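These notes concern the structure reproduced below.
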Amino acid sequence: MVLYPIQNNVRNKLDISGIWDFKCDPDWVGEKEGWANGLTGSRLMAVPGSWNEQYDDLFGYLDLAWYVKKVYVPSCWQGQRVFIRVGSAVYLGTVYLNGEKIGSHEGGHLPFAFEITGKIKWGEENVIAISVENVLKPERVPSGNMPGSDMSMFMATPKTTYDFYPFSGIHRPVVLYSVPQTYIEDVTVVTTIEPEAQVKVTVKLNATVDEKGSVQLTDGKTNVRADLTFAAGAAEAVLTVQNARLWSDKDPYLYDLTVTGAGDSYSLKAGIRTIAVDGPHIMLNGKPVKLNGYGRHEDFPATAKALNLPLIVKDYQLMKWTGANAYRTSHYPYSEEEMQVADREGMLIIDEIPAVSLQMADEANNPERLRMCLQQIEEMISRDKNHPAVVMWCVANEPMPKGFAVGAASGSDATKEDMNRPGKEFLDTEMARARELDPTRLVTIVTVMGGPQNWMEQADVVCMNRYWGWYTLGGQLDKAREGLGAELDQVWDRFHKPIIMTEFGADTIPGYHGKPDVMWTEEYQAQYIRFHMEEAEAREFVAGMQVWNFADFAAVQSLMRVGGINHKGIFTRVRTPKMAAHVLREFWVK
Ligand code: GCB
């Protein structure tokens with residue numbers, strides 16, 4: 001059901017995004033008053049879009065709202081099963097058809113679909129309503145409105161525990177799609193390259209039937225085909241590809257894979273590649289690769305967190321101009337459309353669930369949060385498992401330890417580690433689940449500066465967010481450089497695993513200059529980036545440098561964030577380069 005909907009000669013797809021009717025429901029009366037049948041006193045709202053950036057009076061609105069649209073379902077779809085699918089609704093979305101509640105989904109940034117076959121009115125308009133609510137709550141992932149949050153000093157309003165604006169609404173397309181009565185529910189593609197390139201395809205039907213089918217891989221020159229014999233709805237085939245052209249960041253070569261069975265057909269792109277670690281290296285197709293690039297956000301004026309196709313193309317152009325070959329989907333899975341672009345353009349993706357800055361000391365809420373994280377891990381992996389671009393699953397960004405202090409150096413001391421055992425259990429459970437679901441990729445968590453080091457023990461790659469020269473030793477670049485070097489060496493000595501610096505950055509107001517190069521100037525950011533790159537180049541075990549952030553982005557309003565913006569971007573929010581972009585080019589465009 002999570003398979004990306006496609007149009008082919010069997011399946012149908014109708015994108016019903018556009019301008020919808022919209023109304024806020026701060027008193028939660030909509031369901032009782034039948035708003036699912038239509039809204040009175042509504043206003044226009046773009047879907048996809050975040051409501052907060054479309055109207056100023058909705059900027060701070062983080063509550064319940066309704067979207068309504070009337071649509072025909074084409075009568076030629078009769079006889080097929082019809083679904084409604086929402087690409088992302090932050091945080092909780094509930095779908096209604098012709099006034100009847102169909103289903104709800106919790107957790108933003110991941111798709112959900114509900115079958116509506118028996119409920120459609122053929123030959124007339126159907127009323128589709130989607131209510132979305134984004135109340136910040138301590139037990140949610142990510143969390144908000146924490147009583148006495150450790151971070152409250154930084155985060156003024158709204159009360160997130162994380163450093164980006166909690167944009168709300170339907171952020172990705174809403175589509176109707178249809179499939180045959182018996183249909184292909186899931187396809188899993190796993191590739192190996194030794195001793196010969198093989199593509200293993202596992203297919204699941206929605207019904208436990210015995211059927212016949214086939215799988216075909218082609219690039220126009222090579223054609224490999226195998227029969228599929230479904231037993232109780234499941235089948236598997238292994239295709240051996242002679243003289244395979246492998247997928248990599250430098251040559252993102254894709255084949256077309258088509259699966260047929262039980263009268264259904266589904267196609268996707270497949271790249272043949274392997275990913276592993278070996279000592280200090282991350283190995284792509286058996287060769288060391290560095291994951292250089294950025295932490296990013298889905299963020300832009302007016303569109304906020306919504307799918308913005310021209311922006312994706314533009315951002316890829318700019319990332320490539322700086323020489324980047326990788327990024328992390330900080331701090332939530334990005335759109336499916338963007339993951340398709342990553343496959344085609346050869347970006348190496350660290351794919352992250354929305355578990356950003358969970359406060360591990362708040363043990364009362366951890367069981368509920370863990371349940372949500374495990375759901376998000378399952379949904380992310382089932383959505384993205386067939387993208388060759390995705391090489392690593394990240395199951396937490398900066399989980400916050402007990403006794404966390406800003407500016408503290410990374411601690412290896414036993415007391416800190418002991419005190420933080422419940423947090424470690426939480427994170428180990430997440431990593432184990434990700435590995436169980438997908439043993440073919442790397443698994444990691446991203447740690448905060450000053451956190452307990454043993455939290456990183458189970459990660460395949462040590463991913464560290466460090467702010468030497470910003471939150472620690474700000475304005476003292478020489479000392480910061482020493483601190484960074486010493487910490488990198490110590491972490492390597494302890495774990496002997498590849499290290500990626502998944503964040504390092506300095507807030508920089510575009511056009512703000514200074515000599516001497518003081519904090520917030522473009523010169524300071526350029527020097528800060530330069531020393532990090534030099535320290536990394538001197539160490540083989542640094543397997544990637546990912547600057548925080550690719551572009552300035554909307555944060556919450558606080559004393560730390562000028563104009564409500566996190567200014568650590570290498571590009572501004574509207575994508576003009578700062579001086580530091582040229583420094584990155586020196587290191588990455590070779
Ligand atoms: C971090 C967080 C990121 C913030 C960044 C900052 O460590 O992971 O979400 O935006 O620091 O700029 O403070």
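Note that the coordinates shown come from a computational prediction; the quantities given were computed from them, not determined experimentally. Order of appearance sets the numbers: ligands from 1, and atoms from 1 within every ligand.
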Going by an N to O cut-off under 4.0 Å, is there a salt bridge joining Asp552 and Lys568? no
If you measure from each non-hydrogen atom of Asn549 to ligand 1, which part falls under 4.0 Å: side chain, backbone, both or neither? neither
Closest candidate by heavy atom, reference atom 13 (O) of ligand 1, pool Tyr467, Phe164, Tyr471: Tyr471
Quick check, are the ring centers of Tyr327 and Phe550 under 6.0 angstrom apart? no
Measuring centre to centre across the rings, with the benzene-like ring taken for any Trp, is Phe167 within less than 6.0 Å of His171? no
Quick check: Trp470 with Trp520 (ring centres under 6.0 Å apart)? yes
Does either side chain, that of Lys305 or that of Tyr332, offer a donor lying less than 3.5 Å from an acceptor on the other one? yes
Do Tyr162 and Phe164 have ring centres separated by under 6.0 Å? yes
Would you check if there is a donor-acceptor pair between the side chains of His105 and Glu379 at a distance under 3.5 Å? yes
What protein heavy atom sits nearest atom 9 (O) of ligand 1, and how far away is it? His331 NE2, 2.6 Å
Residue, atom and distance of the protein heavy atom nearest atom 7 (O) of ligand 1 read Glu398 OE2, 2.3 Å
Looking just at side-chain N and O atoms, do Gln453 and Gln490 make a donor-acceptor pair shorter than 3.5 Å? yes
For ligand 1, indicate whether the residue Val448 contacts it via side chain, backbone, both or neither (heavy-atom separation under 4.0 Å). neither
For atom 8 (O) of ligand 1, closest protein heavy-atom neighbour: Glu503 OE2, 2.7 Å
What is the closest protein heavy atom to atom 10 (O) of ligand 1, and at what distance does it sit? Asp163 OD2, 2.5 Å
Applying a strict 4.0 Å limit to heavy atoms, is Trp548 in contact with ligand 1? yes
Using a 4.0 Å cutoff against the non-hydrogen atoms of Asn397, which atoms of ligand 1 qualify? 8 (O)
Can you tell me which residue and heavy atom of the protein come closest to atom 12 (O) of ligand 1, and the distance to 0.1 Å? Lys568 NZ, 2.5 Å
In ligand 1, the atoms that come under 4.0 Å of a heavy atom of Asn566 are 6 (C), 10 (O), 12 (O)
Between Trp548 and Phe553, how do the two ring planes meet: parallel, tilted or perpendicular, split at 30° and 60°? perpendicular
Heavy atoms only, cut-off 4.0 Å: how does Phe553 contact ligand 1, side chain, backbone, both, or neither? side chain
So, does Arg561 sit close enough to ligand 1 that a heavy atom of it is under 4.0 Å from the ligand? yes
